[in-house]
Engineer: 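One structure coming up, written as structure tokens, with questions to follow.
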Amino acid sequence: MTRFPSHFRFGAGLLLAGVLLAVIILAPPASAQQRNSDTAVNPTASSVKNQHLLREMRIISGRGSIPDVKSYNIEQPAGREWRQFHEITLYWLGAIAIFGMLGLLVLFYLTRGMVRLESGRSWHTIVRFNMFERLVHWMTATCFVVLALSGLNITFGKDLLMPLVAEETFATWSQWAKYAHDYLSFPFTLGVAAILLMWVAWNVPTRLDVEWLKQGGGLFGTKHPPAQRFNAGQKMIYWIVVIGGAAVATTGYLLMFPFYLTDIAGMQLAQMIHGAVAMLFVAAMLAHIYIGTIGMEGAFEAMWHGTVDLNWAKQHHSAWFDEESAKAKAEAPQGHVAAAE
């Protein structure tokens, strides 16, 4: 049997003793190891936590073989914030704004009722909107209704509609609603632009608007403050349509054509703005629809036939009626107002 030199055995012994000493020094005591509630050692106690990893790294990416490198992203901190907004914040914002507005309108109708013509009908009418104005209004309004219903389906459809119909029916409806939402956005945007150009001259705030607001617009009590062609309430609706319509159109197109003008963070922000503005937009339009139909006698005729009763014009837009009467008298000495029977 081969025998190693004594100095070699001595060196090997020192090496082994050093290794054992290092293990003893570096190994943490059992009492220092983190344990679970059942006193078992937690094997992942020192591993990297998800939140810490997300804080340290803006985006967690993997590897891929397709040209679109954006698809390699696995997770990003902003994605969680967007999901929180989309699934919870937007849901409650829409519910409070829309159902809150419906509740207020029902309460107002039960307490105030329809705003009636105090002097009754004169059975003589005055032109309020021409054919082109009405065409633009109804085109924009029709597109808005479809866009609103199809958009609300994204937020509330699974909770409110899907339990009432078969899953296949809901899926088919949602697919066609998405198509309608995309394609009707173009005539809606065109309509908003036309409304801006068509009525901007009559929607600049004036002192009459301040007085109209101070007196509640004639909605409370029997006194009706003077107003021009559009009163302060209608002017507010006008600017809500113009500004709100521009906001939902701009953000909507950023989502329809992704990554052309912004990155994923910009698209998430666009979706949040789009959803929030749309919910408030729908709530405001509910008030507009109410006052233009069952809320005020004779109001619907203005946009449907293009004419209103002379007593309606005197009661709700006396300053505008005086201007139109002066024009008519200047053009027709016999004093007839431009009327349509």
Side-chain angles (χ1 to χ4, degrees), residues 105 114-117 121-150 180 183-204 209 212 217-218 224 227-246 248-249 281-325 327-328 331-332 336-341:
L105 293 176
M114 176 181 283
V115 180
R116 299 287 183 178
L117 290 175
R121 291 183 178 271
S122 67
W123 304 110
H124 294 279
T125 56
I126 181 173
V127 176
R128 182 154 172 79
F129 298 111
N130 60 39
M131 178 65 73
F132 178 74
E133 289 174 316
R134 286 181 286 141
L135 177 63
V136 170
H137 172 272
W138 288 115
M139 178 192 73
T140 310
T142 302
C143 292
F144 174 81
V145 171
V146 178
L147 291 169
L149 292 175
S150 55
Y183 289 110
L184 288 183
S185 66
F186 297 105
F188 171 78
T189 304
L190 181 63
V192 170
I195 287 174
L196 169 64
L197 299 175
M198 193 168 55
W199 289 330
V200 66
W202 289 280
N203 282 279
V204 178
D209 298 323
W212 189 92
H224 296 277
Q228 298 170 318
R229 188 184 185 190
F230 296 108
N231 58 42
Q234 292 167 330
K235 289 179 180 180
M236 286 189 287
I237 290 295
Y238 170 85
W239 289 111
I240 287 173
V241 170
V242 171
I243 298 174
V248 294
F281 201 171
V282 170
M285 290 304 102
L286 289 175
H288 175 63
I289 293 170
Y290 166 81
I291 204 68
T293 52
I294 64 174
M296 179 178 291
E297 182 182 6
F300 184 75
E301 301 165 12
M303 197 55 72
W304 188 255
H305 299 295
T307 59
V308 293
D309 191 271
L310 291 183
N311 286 343
W312 186 94
K314 293 177 184 177
Q315 179 174 320
H316 299 293
H317 298 270
S318 58
W320 170 71
F321 174 78
D322 292 341
E323 293 176 1
E324 294 299 310
S325 297
K327 291 179 183 178
E331 296 173 358
H336 291 301
V337 180
E341 299 295 339

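Being a predicted model, the structure only gives us computed values, none of them experimental.
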Engineer: Between F144 and F281, how do the two ring planes meet: parallel, tilted or perpendicular, split at 30° and 60°?
Structural biologist: tilted

Engineer: Please assess R229 against E323 for the test side-chain contact (heavy atoms from CB on, under 4.5 Å), listing each intermediate value before the final yes or no.
Structural biologist: CA-CA 9 Å; R229 188 184 185 190; E323 293 176 1; over 6 Å; no

Engineer: Taking T142 for its side chain and M139 for its backbone only, find out whether a donor-acceptor pair lies under 3.5 Å.
Structural biologist: no

Engineer: Provide the closest heavy-atom pair for T189 versus A249 in the form atom of the first, atom of the second, distance.
Structural biologist: OG1-CB, 3.6 Å

Engineer: Restricting to non-hydrogen atoms, name the atom on C143 and the atom on F188 that form the minimum distance, rounded to 0.1 Å.
Structural biologist: CB-CB, 3.8 Å

Engineer: Do Y238 and W199 make the cut of ring centroids closer than 6.0 angstrom?
Structural biologist: no

Engineer: Is it the case that the side chain of W320 and the backbone of F230 share a donor-acceptor pair, with hydrogens and angles ignored and the cut-off at 3.5 Å?
Structural biologist: no

Engineer: Rounded at 0.5 Å granularity, tell me how far CG in N311 sits from CZ in R121.
Structural biologist: 9.5 Å

Engineer: Nearest 0.5 angstrom please: D209 CG to Q228 CD, how far?
Structural biologist: 6.5 Å

Engineer: What heavy-atom pair brings V242 and L196 nearest, and what distance separates the two atoms?
Structural biologist: CG1-CD1, 3.8 Å

Engineer: For L310 versus I126, what's the shortest heavy-atom pair and its separation?
Structural biologist: CD2-CB, 3.7 Å

Engineer: Is the NZ or CZ atom of R128 both under 6.0 Å from the centre of the six-membered ring of F300 and within 45° of that ring's axis?
Structural biologist: no

Engineer: For atom CH2 of W138, decide whether the heavy atoms of other residues, nucleotides or ligands shown that lie under 6.0 angstrom number more than 12.
Structural biologist: yes

Engineer: Report yes if some heavy atom in the side chain of V308 is under 4.5 Å from a heavy atom in the side chain of H316; otherwise report no.
Structural biologist: no

Engineer: For residues V282 and A148, report the shortest heavy-atom separation together with the two atoms involved.
Structural biologist: CG2-CB, 3.9 Å

Engineer: Identify, with sequence neighbours excluded, every residue that meets ring-ring contact (aromatic ring centres under 6.0 Å, His included) alongside F186.
Structural biologist: Y253

Engineer: Are the side chain of H317 and the backbone of A227 linked by a donor-acceptor contact shorter than 3.5 Å?
Structural biologist: no

Engineer: Does W304 offer a backbone N or O that forms a donor-acceptor pair with the side chain of R134 under 3.5 Å?
Structural biologist: yes

Engineer: Whether the side chain of E324 engages the backbone of F321 through a donor-acceptor N/O pair (distance < 3.5 Å, no angle test) should be reported.
Structural biologist: no

Engineer: For R116, does its backbone N or O pair with a side-chain atom of Q315 as donor and acceptor, under 3.5 Å?
Structural biologist: yes

Engineer: Side-chain donor-acceptor pairs under 3.5 Å in residues 284-294, sequence neighbours left out?
Structural biologist:
from, atom 1, to, atom 2, distance (Å)
T293, OG1, I289, O, 2.6
T293, OG1, Y290, O, 3.3

Engineer: Do you know which two heavy atoms are closest between I195 and V241, and how far apart they sit?
Structural biologist: CD1-CG1, 4.4 Å

Engineer: A side-chain contact here means heavy atoms from C-beta on lying under 4.5 Å apart; do M198 and F132 qualify?
Structural biologist: yes

Engineer: So W239 and V200, do their side chains get closer than 4.5 Å, heavy atoms only?
Structural biologist: yes

Engineer: Quick one: does W212's side chain have a donor or acceptor within less than 3.5 Å of a partner on G233's backbone?
Structural biologist: no

Engineer: Just verifying a value: how many Å separate L184 CG and T140 OG1, rounded to the nearest 0.5 Å?
Structural biologist: 11.5 Å

